[in-house]
Structures are given as structure tokens and as C-alpha cells.
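Here's the structure we're looking at; comments come further down.
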2 protein chains.
Amino acid sequence: MIRGNLDLLVMGVLQGGALHGYGIIDELRRRSDDTFDLPEGTVYPALHRLERAGLLTSRWQQQAGRRRRVYELTPKGRAELAHKKDEWRMFVAAVGRVAGVTT
Amino acid sequence: MIRGNLDLLVMGVLQGGALHGYGIIDELRRRSDDTFDLPEGTVYPALHRLERAGLLTSRWQQQAGRRRRVYELTPKGRAELAHKKDEWRMFVAAVGRVAGVTT
DNA sequence: GGCCATACCTAGACAGTCTAGGTATGAAGT
DNA sequence: ACTTCATACCTAGACTGTCTAGGTATGGCC
């Protein structure tokens, strides 16, 4: 469970450059050491939502006979990512104070 | 938005001893410096859910004419809290690695 | 040909949070 | 006496995000 932080995670992966949906899922799994092993039914709809919101753009790409939809951050998406990072830091700090968890 | 972490927060507050629902809401607001200003409609059903799950017990208390339902962690609740803290630490670390956020 | 990994998709179920109501008491001000 | 505010509890239904469970199609390997 990624508890409403999927936007941050996906956009975080896309900081490093454009990537297709399936690759984003792989990268989430890899960077998190299998903590985030997300089903396609979670990630694809989220990508569509982020694109509709103007935070990502996508283009179709042909890769060895396979079609891929490659996603990229828009300037608006970069700004939103920075905002979400700030929110996340404050959230973590607040949880720490409330529940006495050090991270 | 507290994104699926309400159990951790509520049980975190109750670490320090028994407290009634309204007081828990106050304490969440106070400790978090207003980051977690949660409506009663969020917290009360969560308390009922945690009690049904055997993580909390409650008793009615009369305080200056006012009735209060005072909640307390059960042993099972303490164990679950420790578990949820561990999960939270791992989650925060994983988000940090994936999205490159330092906390 | 069969199977697996890659690569995309969506409908509907489910869970947790929030909105928006409701009740009732006590204290303080007019 | 009346109003208003803070305290203190409650629930039904809306909403949102995640997950389950299906579907399609290609390429590589045995």
C-alpha cells in the first residue's frame, strides 16, 4: 500500500528522464527494494490521471515491434513534484512528532 | 489528508496513556502544529474500527456532567503499534530512495 | 506450439477519509 | 432567560485512491 503517495513516487521516478509505464513499475520496485511492487491496475490509471491534470505528457514509441507509451514531466509537473516533496517532508516530520517515530 | 496512517497516529497518541476521542483530536492537532486537524467524522469511526479489531478498549467516564468515552491501548494494540512504526520507517526510507527526498 | 516476459488497457470492488448532518451538556455573555 | 460557543459524542452517504481481475497483443525461448 502506497497510501496516496503514488503521484510523488511516479513523478520522482520521472525526474531522471522520460520512461514508459511498465518501466516505471520496474523502477519503483527496483529503487524501493521490492517495497513498492505495484500492480499495473494501480499505476496505469494514475499515469492517465496525472496526464489529464497536465503534470505529465506522453508519446507512443516503437521499441523492437512493441509499442510503449513514454511519459515525461511537464514544467507544471516539476513544480508540483517540488511541492509534493515539501508536503511529504512536513508530513513525515508531523508523524514523527505525533507518534514518536524517528526516521 | 492523513493517507492511511490514522491508526499509527491515534495509537501513537495513546502511547502516553488513556484519552477520550475529542481529546485525541486535540492532541493530534497540538502535537502536529495543526498539520493534522482532523474532523470528528474521520476519527470516531477509526476509533470504533480499532476497538472492534481488539487494538483499543474503551470505557465511559463522567467528567463534570459530560460523558466521555476514554480509549486505551490493549497489549495487542501495543504490539500492532510497534509493527506499524517499523512499517512506517521502512515506508519513509523507500519513498526517500524512490523519489530522492531527504527527511 | 506452448509458455513466459513485456506492454498496454479498463470495470468494478473495496477501504479509508471527509462532508454534513444530528444530539446533548456546561459556561459565559447580554 | 436566552443565545452562543466549546465540549463531546454519533452516523449515513459521498468521494477518492488502490487493488483485483479480467482482457489484448508481441517477441523470445524451449
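- Distance A:Leu38 CG to C:dC9 P: 16 Å, rounded to the nearest Å.
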When you look at A:Leu55 and A:Leu73, which way does the side chain to side chain contact (heavy atoms under 4.5 Å, CB included) test go after all the steps?
-> CA-CA 6 Å; A:Leu55 305 176; A:Leu73 282 171; 5.7 Å; no
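- Projected onto DNA chain D by closest heavy-atom contact, A:Gly4 and A:Glu40 fall at different nucleotides, the more 5' of which corresponds to A:Gly4.
- We find that NE2 of A:His48 is positioned 9 Å from P of C:dC8, with the value rounded to whole Å.
- Between B:Tyr22 and D:dC9 there is no side-chain N or O to OP1 or OP2 distance below 4.0 Å.
- Computed from coordinates, the A:Asp37 CG to D:dT20 C1' distance equals 14 Å when rounded to whole Å.
- Against DNA chain D, the stretch residues 77-92 of chain A makes no heavy-atom approach under 4.0 Å.
- For A:Asp7 and D:dG17, the CG to P distance is 8 Å, given to the nearest whole Å.
- Not a single donor-acceptor pair under 3.5 Å links the side chain of B:Glu40 to the backbone N or O of B:Tyr22.
- In this structure, the CD1 atom of B:Ile25 is 11 Å from the P atom of D:dA8, given to the nearest Å.
- When distances run from any side-chain atom of B:Ile2 to the nucleotides C:dT17, D:dC9, D:dC19, the shortest one goes to C:dT17.
- Within the 4.0 Å cut-off from OP1 or OP2 of D:dC10, at least one side-chain nitrogen or oxygen of B:Arg69 is found.
- Applying the 4.0 Å criterion to OP1 and OP2 of D:dC9, one finds that B:Tyr44 has a side-chain N or O inside that range.
- Within the 4.5 Å cutoff, the side chain of B:Thr35 has no heavy atoms near those of the A:Met90 side chain.
- The nearest pair of heavy atoms linking B:Asp86 to B:Arg89 is OD1-NH1, 3.0 Å.
- Atom CZ of A:Arg3 and atom P of C:dG16 are 11 Å apart (whole Å).
- Using a cutoff of 4.0 Å between basic side-chain nitrogens and carboxylate oxygens, B:Lys84 and B:Glu80 are scored as salt-bridged.
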Please assess B:Phe36 against A:Phe91 for the test ring-ring contact (aromatic ring centres under 6.0 Å, His included), listing each intermediate value before the final yes or no.
-> CA-CA 9 Å; B:Phe36 305 138; A:Phe91 186 80; 5.5 Å; yes
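- Residue A:Arg66 is classed as a base contact, given a heavy-atom separation below 4.0 Å to a base.
- Candidate nucleotides C:dT17, D:dC10, C:dT10 were compared by shortest atom distance to the side chain of B:Arg49, and C:dT17 ranks first.
- Atoms CG (A:Leu47) and C1' (D:dC19) sit 16 Å apart, rounded to a whole Å.
- Atom CZ in A:Arg68 sits about 17 Å away from atom P in C:dA5, given to the nearest Å.
- If you check every strand for non-hydrogen atoms under 4.0 Å, A:Gly41 touches a base.
- When each of A:Met1 and A:Trp60 is assigned the nucleotide of DNA chain C bearing its nearest heavy atom, the one mapping closer to the 5' terminus is A:Trp60.
- Checked against B:Ile24 for a side chain to side chain contact (heavy atoms under 4.5 Å, CB included), the options B:Leu19, B:Leu9, B:Leu38 give a single hit: B:Leu19.
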